[in-house]
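A, B, ... follow the sequence lines: proteins, then strands. Residue 1 opens every chain.
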Number of protein chains: 2
Amino acid sequence: MQNSLKTIFPNFSNELIATIEENGSLQDFEAGTILMRTGQYIKNTALITKGKIKIYRQGEDGGEFLLYYLQPGQACAISMICTAKSEKSQIMAKVVEDVSVMMIPLQSMDKWMMEHRSWYEFVIETYRSRFEEVLEVVDNIAFRSMDERLEFYLKRHSDACGCSEVNLSHQEIATELNTSREVVSRLLKKMEQRGLVKLNRNQIELLK
Amino acid sequence: MQNSLKTIFPNFSNELIATIEENGSLQDFEAGTILMRTGQYIKNTALITKGKIKIYRQGEDGGEFLLYYLQPGQACAISMICTAKSEKSQIMAKVVEDVSVMMIPLQSMDKWMMEHRSWYEFVIETYRSRFEEVLEVVDNIAFRSMDERLEFYLKRHSDACGCSEVNLSHQEIATELNTSREVVSRLLKKMEQRGLVKLNRNQIELLK
DNA sequence: ATCCTTCTGTGATAAATGTTACTGTAGGAT
DNA sequence: ATCCTACAGTAACATTTATCACAGAAGGAT
């Protein structure tokens, strides 16, 4: 166990790893679980050690706009930020591939900042990288049209799963881009005609 | 001077205030100055003590999408984040009302995190509030149409300047919303018909 | 096989936004 | 006053995106 945490978070000092194992609790969640809801109070920070999580921003009308993925070796920046103030969550987190997460209680998260240099650096780096990802999201919706956003979405999905097949229905994709199923179907068809993808039922193969 | 810093940043400890005055340098910039460009390396963190700054995200095509305002008592989260890694700026900062900023060198910024609890808390709170503001921006462009976004833009402007007049041309507003001048003119005209604003040359009066 | 549900494709149409083109007006510079 | 430039209004049209309507195909359940 000690070995695996060290493998997933190679920059953590040995003392930090030991402290985490002492204070954190490793929990498993199945794909589909909602780990966090908009408006919920946050009591923990989660370090992902296995699986994948998607982070969404929810609209009042029930839209679920995809912000980014969380993968092993990463942590939820929002939970860190909110934890520090025990604030409400501004986002929704959904498990998309069975995960194991190390739950770190609020107080430890804050305490370690002063005690463990490698924890401090990890937290700062988490803030930075998540901030940049959200800025990239802003770029996409502010400057690009739906066809480019769809291509970006598919690319990000394949990067996240490390494969070239996207096993999602058009409806699911549409929801995460906050558009309609028909628009996604049409744009995908055009991409197929351009030779960028091959369309199957519940699956999109990326060809380039 | 000590008095005024303490007034603007009331949560800073007296020791921290003293340290800032020792290590920082107070600089003035006129309205219109570009304080930071996309792609520039960041060497300082800036604490705003007077005036106003607007933070933009730039598109490849030269668009300048408004993210948020910075006001006295606030600091540039991005510069803090990037500073910590001496990374390139992902944003552009423009002075919109003559500012005084306290420039904090890279090393100090990092060092104080361990030495001054009130600095640590300020930095964390800065991350949190800027992150939330960017998420609100995402909400606007992901879930809302241009008329709602325009209303939000005007409201935010008047909140920032503390007055009910927006002294900007339609073109300037269009640029910051990444749309065209005609669209802004049309939507403003509709708002005028609905009794929400009164339109003058280079000025929009908010009525409600 | 038959039924049923979900997923996909596509046309028709509507609405929102972007573009082009032109007009008039306000205010500064001379 | 006259000229010039930036700003604002608006019509006409193009493009993009959203919505409605419907048809057919895939795959699971019985």
Side-chain angles (χ1 to χ4, degrees), chain A residues 32 59-66 138-154 157 165-206, chain B residues 31-32 59-66 138-154 157 165-207:
Chain A
E60 295 109 5
D61 51 345
E64 297 184 357
F65 192 85
L66 176 63
V138 170
D139 279 356
N140 276 305
I141 43 183
F143 297 122
R144 303 195 207 298
S145 51
M146 198 53 85
D147 54 350
E148 292 176 289
R149 288 172 52 197
L150 177 57
E151 283 189 43
F152 182 84
Y153 175 93
L154 294 175
H157 181 100
E165 287 91 40
V166 178
N167 295 303
L168 296 170
S169 72
H170 297 182
Q171 181 59 66
E172 290 175 287
I173 297 171
T175 302
E176 304 200 337
L177 288 169
N178 199 49
T179 181
S180 68
R181 200 263 316 160
E182 293 89 331
V183 171
V184 170
S185 288
R186 268 198 281 265
L187 293 175
L188 281 173
K189 210 67 198 168
K190 280 187 197 165
M191 286 179 70
E192 188 175 45
Q193 285 158 7
R194 285 195 289 150
L196 296 176
V197 295
K198 183 165 181 321
L199 302 178
N200 305 307
R201 187 187 175 83
N202 272 320
Q203 189 192 65
I204 301 160
E205 284 177 53
L206 304 185
Chain B
E60 296 110 6
D61 51 345
E64 298 184 356
F65 193 86
L66 176 63
V138 170
D139 279 356
N140 276 305
I141 43 185
F143 298 121
R144 302 194 207 297
S145 52
M146 198 52 86
D147 54 350
E148 292 176 289
R149 288 171 52 196
L150 177 58
E151 284 187 43
F152 183 83
Y153 176 93
L154 295 175
H157 181 101
E165 288 90 40
V166 178
N167 295 302
L168 295 171
S169 72
H170 297 183
Q171 181 59 66
E172 290 175 287
I173 296 171
T175 302
E176 304 200 337
L177 288 169
N178 198 50
T179 181
S180 69
R181 200 260 316 159
E182 293 86 339
V183 171
V184 171
S185 289
R186 264 200 290 261
L187 294 176
L188 281 173
K189 211 65 197 169
K190 280 187 199 164
M191 286 179 70
E192 189 174 44
Q193 284 159 8
R194 286 196 288 150
L196 297 176
V197 296
K198 182 166 181 319
L199 301 179
N200 306 306
R201 187 185 174 84
N202 271 320
Q203 190 193 65
I204 301 160
E205 285 177 53
L206 304 185
L207 301 179

Starting at atom CG of A/Asn200, determine the distance to atom C1' of C/dT6, rounded to an integer number of angstrom. 16 Å
Just the rounded figure in Å: distance from P of C/dT8 to CD of A/Gln171. 9 Å
Pick base, sugar-phosphate or nothing for B/Asp147, based on heavy-atom distances below 4.0 Å to the nucleic acid. nothing
Any residue in residues 176-195 of chain B with a heavy atom nearer than 4.0 angstrom to DNA chain D? Just list them by number, or reply none. B/Arg181, B/Glu182, B/Arg186, B/Lys189
Looking only at side-chain N and O atoms, does A/His170 come under 4.0 Å of OP1 or OP2 in C/dG9? yes
Are B/Glu176 and B/Arg149 ion-paired here, with the side-chain N under 4.0 Å from a carboxylate O? no
To the nearest 0.5 angstrom, please state how far the CG atom of A/Asp147 sits from the CZ atom of A/Arg186. 13.0 Å
What do the steps show when you test B/Ile173 against B/His157 for side chain to side chain contact (heavy atoms under 4.5 Å, CB included), and what is the final call? CA-CA 10 Å; B/Ile173 296 171; B/His157 181 101; over 6 Å; no
Rounded to whole Å, please give me the gap between NZ in A/Lys198 and P in C/dT8. 13 Å
Looking only at non-hydrogen atoms, find the nearest pair between A/Leu150 and A/Val184 and report the distance. CD2-O, 4.3 Å
Write down the atom of A/His170, the atom of A/Ser185, and the distance for their closest heavy-atom approach. ND1-OG, 2.8 Å
Both A/Arg144 and B/Gln203 contact DNA chain D. Which one's nearest nucleotide lies toward the 5' end? B/Gln203
The first and last nucleotides of DNA chain D lying within contact of chain B, meaning any atom under 4.0 Å from one of its heavy atoms, run from D/dA6 to D/dA12
What is the distance, rounded to the nearest whole Å, between atom CG of B/Asn202 and atom P of C/dT25? 18 Å
Could you walk me through whether A/Glu64 and A/Glu172 pass the side chain to side chain contact (heavy atoms under 4.5 Å, CB included) test, one step at a time? CA-CA 10 Å; A/Glu64 297 184 357; A/Glu172 290 175 287; over 6 Å; no
Here the salt bridge (charged side-chain N to carboxylate O under 4.0 Å, His left out) pairs for residues 191-202 of chain B, sequence neighbours left out, are B/Glu151-B/Arg194, B/Lys189-B/Glu192
Hey, what do you get for CD1 (A/Ile204) to CG (A/Leu196), rounding to the nearest 0.5 Å? 12.0 Å
